[in-house]
Amino acid sequence: MKDLLHELFSRALEQLRRDGILDAPPPAFVIERTRSREHGDFACNAAMLLVKAVGKKPRDIAMAIVGVLPASPWVSKVEIAGPGFINVFLSDTAWHEEIRRVLHEGAHYGHSNSGDGRAIGIEFVSANPTGPLHVGHARNAAIGDTLARLYSATGWKVYREYYYNDAGAQIANLALSVQARIRGIDPEDPRWPAAGYRGEYIRDVARDYLAGASVEVDKGRVTSAADPDDLDAIREFSVAWLRREQDADLRAFGVGFDVYFLESSLYVDGKVLQVVERIAAEGHSYEAAGALWLRSTGFGDDKDRVMRKSDGTYTYFVPDVAYHLSKWERGYKHAATVLGADHHGSLTRVRAGLQALAIGIPCNWPDYVLYQMVTVMRGGEEVKISKRAGSYVTLRDLIDMAGLDATRYFLIARKGDSQLVFDIDLARSQTNDNPVYYIQYAHARVCSVTRQMHERAIVFEQTHALKHLGRLDSEPARAVMFEVSRFPEIVENAAANQEPHLLAQYLRELAGAFHVWYNAEQFLVDDEDLRNARVALAYATRQVLANGLGLLGVSAPESM
RNA sequence: GCGCCCGUAGCUCAAUCGGAUAGAGCAUCGGCCUUCUAAGCCGACGGUUGCUGGUUCGAUUCCAGUCGGGCGCGCCA
C-alpha cells in the first residue's frame, strides 16, 4: 500500500519538475500512517520538505502536488491539512484488495524480498560453556532468533551462528572447579579454587565424569576418562557437558543454529596467528612492556589494547577478531551480533582489529544489536545473577515457570535499549496480565468460529466472500482491515531497524482491534453475503496473527 | 573522570528515519454474558515527555548543558 502511494507521489513530483513549477531535486519524502482517522489513512510530507528549496508556502506546494497526482482506483480522496500534510484517504477497493492478498498469500503475507537473497550472518547467545543459560542469555536468544526470522521473512539468506569461547582462562576455571568437585571439595572448603564456579551443576558434571559417562554434542561424542588427575580430559568433558545442556535449553526455547563455531578451532587452524601477523605487517601493532599491542587508538578506541600478553597467550578479543575475519571470508557482507550492554566495550576493539587487517572491511562492520541488562524480580525482590556463586534464574527455570510462549513474548516485547525487568511472579501467573494470551485468544476465537461453522454445516465460500467485502462497512470492521494491512510495513520496519519489539507491540494492537469487532458484530449471520464477508476478514486476521506469532516463535493455539 | 544506554500517566512500557490533539496494558472506579470462548468488550480517571537552553514550518525524537539510574573503561572473558 505504502509503496503504491510513494510511487504516485514520486510521479507527481517528477511531473512538476518537468513543468518547471518545482525547481528543486525531489525530496526524500515519506508516506506514513496517520495517527488519527480524521487525517486519512496515509500522509505525505513532501510539500513541507520543499519549503526551503522552492521558497513558497507549504500549502501552495501541496496544492501543486495534488494537482498533478495521478488518479488511482485505490485513492478516494486527497486533502491538504495542518502545516502542509497531504492526507490520502484510501478507497474501499484498496482495503478489499488487501484482504484478498492476505487470503491469497497465506503464510507468506507480510513477507518481502527486500533482502534480495543476500546472505547475513546473525550471531547470538554465544555464552561461554561454563554454566547454564540465564535470563540475560534468554533475552539475547529471543532477540537474535526473532531477528533471524524477520530477516528470513524479508528475503535474506540467514545463517544463525553461535560462538563458543571454549578456550581461555574461564574454561580453565571450569576444569579446576569440576576437578575440585571430583575430589570431594565443596565451595566452602578452603582448598576450593579462588575463581571457581560454585553452582550445583558443577557437582553433576563431576559425578558424570567419574561415572565415565558419554556426552554427545554436534556430531561427535565425548567420553569421560574418569581420571581425576587428567585436567585436559576434565576440561573437554565439562565443555561438552555444558554445551549439551545449553543446546537442550535453547531447543526447548525454540532456538537453533546453523553454525556452532568453536574458539579453539581458531588456534588449531592458525587463524589467530594469521590475524596477529597481518596486523603487524600493516604496522598497526607494537611491542611494549613485554606485550604486543594493537594501536586501536588509530581506529576510534580511547586506548591501545594488548593482543598478546607477556605470558605469550592472547587476550580474548584477538580470537574474536579472527572469528569475525572468518565470517567475512565466508561471505557475510552483512553480519549482526546480538550483544548484552555489559560487553559493549568489546565492540570497538573488534572493529578496530578488523580495520587494522586492512582488507577492505567497512568500519561499521559488523552490526551490533545491543540490549540492556535484565533484572529478575521474584517475591518483590531482585534476584541477583551470579554465575560464580551459582545463584541465578536460568532459561530453563523461566520456561518451566512461565511457559515457552510467555517467556519469548516478555523478552521480545520491549525495546533493546531499555532495561528489562522480568517479573517471575507476573510471568508465571497465567492470567490476563499476560499480553501473549490476549493475542493468542484472538487467534483461538477465529478457530472457534470455524468449529461452529462445521457444527452448523455452514460452508465458507471464499470467491463469493471476496465479492461482498463491501458489506464490511462498520467502524470496528474497518479498524480490523486497517490493522491487518499494516503487517507488511511492521515486518519490514522491525527487520530494517533491528527492532523486533515493534512486532510484539503491533500484534497486541491487531488483537485489540479484532476483539472489539468480535464483540460488536456476530459473524455467523443468516445473510450469506454478509456472513461470508465477515468470515473472510476473520480468516485474514487469523492468518496475520499466525504469521506474526510465528515470527516471534510463539504458538498460535486453536483453542484456549 | 571518560564512553554507551535509559528517564514519558500511580506501575510496566509504546510512539512508524523530526510530524498534526503523546498512546496501550496493569492498577482504581462504573457498566456489558438468552448471542461464534467474559483470557473479552464499553466508559471514567490519569501527563509541564526529569530539568534548562538551542536548531525549524514543527521536538518525546536532533544538538549543548544539567540532574537521576544502569553498563563499561584489565596483560579478565
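Here is how names work: the chains are called A, B, and so on, in the same order as the sequence lines, proteins then strands, and each is numbered from 1.
Looking at heavy-atom distances under 4.0 Å, A:Val51 makes no contact with the nucleic acid at all. Residue A:Ala442 is out of contact with every strand shown, counting any heavy-atom pair closer than 4.0 Å. Contact annotation for A:Glu492: no contact, since no heavy-atom pair falls under 4.0 Å across all strands. Within 4.0 Å of A:Ile490, counting heavy atoms only, lies no atom of the nucleic acid at all. In this structure, A:Val30 reaches the bases: a heavy-atom distance under 4.0 Å links it to at least one base atom across the strands shown. Here A:Pro58 lies out of heavy-atom contact (under 4.0 Å) with every strand. Nucleic acid contact for A:Asn173: none, since no nucleic acid atom lies under 4.0 Å from a heavy atom of the residue. Among the protein residues, A:Ala444 comes within range of the nucleic acid bases, having at least one heavy atom under 4.0 Å from a base atom. Within the 4.0 angstrom heavy-atom criterion, only backbone atoms of the sugar-phosphate kind lie near A:Arg414; the bases stay farther away. A:Gln440 comes within contact range of no nucleotide atom at all, as no heavy-atom separation falls under 4.0 Å. Using a 4.0 Å heavy-atom distance criterion, A:Arg35 is classed as a base contact.
For A:Tyr539 and A:Gln462, the side-chain atoms include no donor-acceptor pair closer than 3.5 Å. In this structure, a donor-acceptor pair under 3.5 Å is present between the side chains of A:Glu123 and A:Ser126. A donor-acceptor pair shorter than 3.5 Å can be found between the side chains of A:Ser114 and A:Glu492. Side chains of A:Asn165 and A:Gln170: a donor-acceptor N/O pair is absent below 3.5 angstrom, by distance only. In this structure, a donor-acceptor pair under 3.5 Å is present between the side chains of A:Asp367 and A:Gln498. No side-chain donor from either of A:Thr130 and A:Asn128 sits under 3.5 Å from a side-chain acceptor of the other.
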*Watson-Crick or G-U pairs under 3.5 Å in RNA chain B, rendered as dot-bracket with [ ] for crossing pairs and | for another strand*: (((((((..((((.....[...)))).(((((.......))))).....(((((..]....))))))))))))....

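Applying the 4.0 Å criterion to OP1 and OP2 of B:A15, one finds that A:Lys415 has a side-chain N or O inside that range.
Atom OH in A:Tyr506 sits about 17 Å away from atom P in B:U16, given to the nearest Å. For A:Arg445 and B:C33, the CZ to P distance is 15 Å, given to the nearest whole Å. The CZ atom of A:Arg486 sits 11 Å away from the P atom of B:A15 (whole-angstrom rounding).
Remark: A:Arg308 engages A:Glu287 in a salt bridge, criterion side-chain N to carboxylate O under 4.0 Å. Between A:Asp301 and A:Arg351 there is no salt bridge, since no side-chain N of the basic residue sits under 4.0 Å from a carboxylate O of the acidic one. Ion pair A:Glu509/A:Arg486 flagged as a salt bridge, since at least one NZ, NE, NH1 or NH2 atom sits closer than 4.0 Å to an Asp/Glu carboxylate oxygen.
Atom name P, nucleotides B:G46 and B:C2: the rounded distance is 43 Å, in whole Å.
The side-chain ring of A:Phe85 is stacked on the base of B:A20, judged by centre separation under 5.5 angstrom and plane angle under 30 degrees.
Looking only at distances, a side-chain donor or acceptor of A:Thr315 sits under 3.5 Å from a matching main-chain atom of A:Val306.
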*Could you run down nucleotides 66-77 of chain B 5' to 3' and tag each one B, S or - for protein heavy-atom contact under 4.0 Å?*
---BBBSSSBSB

